[in-house]
Amino acid sequence: MIAKPAQCAACPAYSNSQHWVPDVYVAGSQVLVLQGGVSEYDVKGQVVTQRVGNGKYQTQVGEARPFNGPDGYDLKTSYLGLAGLTPGIVGGDERVSLASAIRCCTNLTGKAQQEAATYCQATHFHPPQSVELVIALGPVAAQAMGLEGKIEQWRGHVIEGNSGGSRSA
């Protein structure tokens, strides 16, 4: 587990947890997958390697990083392949960066959660310049990327970063 860096002291979620999960930025990656928040799997460096029953998983020791848990397992074994990206065995795709809008386990909700995500993104979100597409998974991640309103109104849209406009996907 990784202790929170000094920059986190001003975050509204600072006292809610002791540990932090850094983003995984891959030089030259064109895709970044952004989750809303980290899981205990991410914090503890427990990498899900297999499903072994309903809600049960086989894990192995790894590094504290985003998408270690069941959602990351599904992302790496199913969804990256469906998107035409070649998933790695455990660590993910060498062309895909992984990040979280909130990089510690906070158990916050509502406005407090959004304030923590805003602070965390402003402080820690530094993807490679090569990233052309950010896939925001869920409302916390979408709002952290600047989308307003409910996530349902954005489904089926591609947001263009340079012009600020959107078009149907």
Side-chain angles (χ1 to χ4, degrees), residues 1-27 29-48 62-76 79-80 83 85 91-93 95-162 164 166 169:
M1 292 191 274
I2 302 172
K4 286 186 175 180
Q7 308 98 295
C8 295
C11 178
Y14 184 72
S15 62
N16 289 57
S17 66
Q18 298 174 329
H19 302 101
W20 180 74
V21 176
D23 295 337
V24 175
Y25 296 131
V26 178
S29 62
Q30 295 178 321
V31 177
L32 182 140
V33 182
L34 181 70
Q35 64 184 352
V38 296
S39 71
E40 287 293 327
Y41 290 94
D42 302 335
V43 171
K44 294 177 180 176
Q46 293 178 309
V47 181
V48 171
E63 298 177 27
R65 60 184 289 163
F67 294 99
N68 277 343
D71 292 342
Y73 175 79
D74 292 340
L75 177 74
K76 295 167 194 170
Y79 301 115
L80 288 179
L85 300 170
D93 188 287
R95 296 178 296 163
V96 178
S97 291
L98 303 172
S100 302
I102 301 177
R103 292 152 181 88
C104 65
C105 290
T106 65
N107 297 320
L108 296 175
T109 59
K111 185 177 179 183
Q113 181 185 46
Q114 192 56 47
E115 288 173 0
T118 299
Y119 181 86
C120 204
Q121 281 293 91
T123 305
H124 302 294
F125 189 67
H126 306 290
Q129 295 228 346
S130 58
V131 169
E132 296 177 8
L133 175 67
V134 174
I135 302 170
L137 302 179
V140 174
Q143 290 170 351
M145 291 304 299
L147 299 181
E148 296 179 3
K150 295 188 181 273
I151 194 168
E152 292 84 1
Q153 76 188 44
W154 293 103
R155 287 195 177 123
H157 288 81
V158 173
I159 309 306
E160 297 181 24
N162 294 336
S166 65

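- Under a cut-off of 6.0 angstrom, the local environment of CD in Glu148 is sparse, with at most 12 non-hydrogen atoms contributed by other residues, nucleotides or ligands.
- Within the 4.5 Å cutoff, no side-chain heavy atoms of Lys44 are placed close to those of His19.
- At a threshold of 4.5 Å between non-hydrogen side-chain atoms, the residues Val24 and Pro66 count as touching.
- Remark: Gln18 CD is loosely packed, at most 12 non-hydrogen atoms of other residues, nucleotides or ligands lying under 6.0 Å away.
- Heavy atoms from other residues, nucleotides or ligands lying under 6.0 Å from CD of Gln153 number more than 12.
- Side-chain atoms of Leu75 and Leu80, non-hydrogen and from C-beta on, do get closer than 4.5 Å to each other.
- Put simply, SG on Cys120 and CD on Gln113 are 11.5 Å apart, with the number rounded to the nearest 0.5 Å.
- Thr106 and Ala13 make their closest contact through CG2-CB, 3.5 Å (heavy atoms, listed as atom of the first residue, atom of the second, distance).
- In plain terms, the two heavy atoms of Asp42 and Asn68 that are nearest each other are OD1-N, 2.7 Å.
- Interatomic distance, CG of Leu133 versus OG of Ser29, reported as 10.5 Å (0.5 Å rounding).
- Nearest approach of Ala144 to Ala101, heavy atoms of both residues: CB-CB, 3.7 Å.
- Rounded to the nearest 0.5 Å, atoms OH (Tyr25) and NE2 (His126) are 6.5 Å apart.
- Heavy-atom minimum distance, Phe125 versus Ala99: CE1-CB, 4.5 Å.
- Between the side chain of Ser97 and the backbone N or O of Val26, at least one donor-acceptor pair lies under 3.5 Å.
- Note that the CE atom of Met1 and the CD atom of Glu63 stand 15.0 Å from one another [nearest 0.5 Å].
- Under the 3.5 Å distance criterion, with hydrogens and angles disregarded, a donor-acceptor pair is assigned to the side chains of Gln35 and Ser100.
- Residue pairs satisfying the salt bridge (Lys or Arg N to Asp or Glu O under 4.0 Å) criterion with at least one member in residues 14-27, sequence neighbours excluded, are listed as follows: Asp23-Arg103.
- In this structure, Cys11 SG and Asn16 CG are separated by 8.5 Å, a value rounded to the nearest 0.5 Å.
- Between Ile135 and Tyr79, the closest side-chain pair of non-hydrogen atoms is not below 4.5 Å.
- Note on ring orientation: taking the six-membered ring where Trp is involved, the planes of His124 and Trp20 are tilted (angle from 30° to 60°).
- No side-chain heavy atom of Leu137 sits less than 4.5 Å from a side-chain heavy atom of Asp71.
- Annotation for Ala141 and Leu34: closest pair CB-O, 3.4 Å, computed over non-hydrogen atoms.
- The two residues Val48 and Tyr41 come nearest to each other via the heavy atoms CG2-CE2, 3.7 Å.
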Item to complete: Assess whether side-chain contact (heavy atoms from CB on, under 4.5 Å) is satisfied between Val33 and Val96, documenting all intermediate values.
Response: CA-CA 7 Å; Val33 182; Val96 178; 3.9 Å; yes
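- Taking CD1 of Ile2 as the start and SG of Cys104 as the end, the distance is 12.5 Å to the nearest 0.5 Å.
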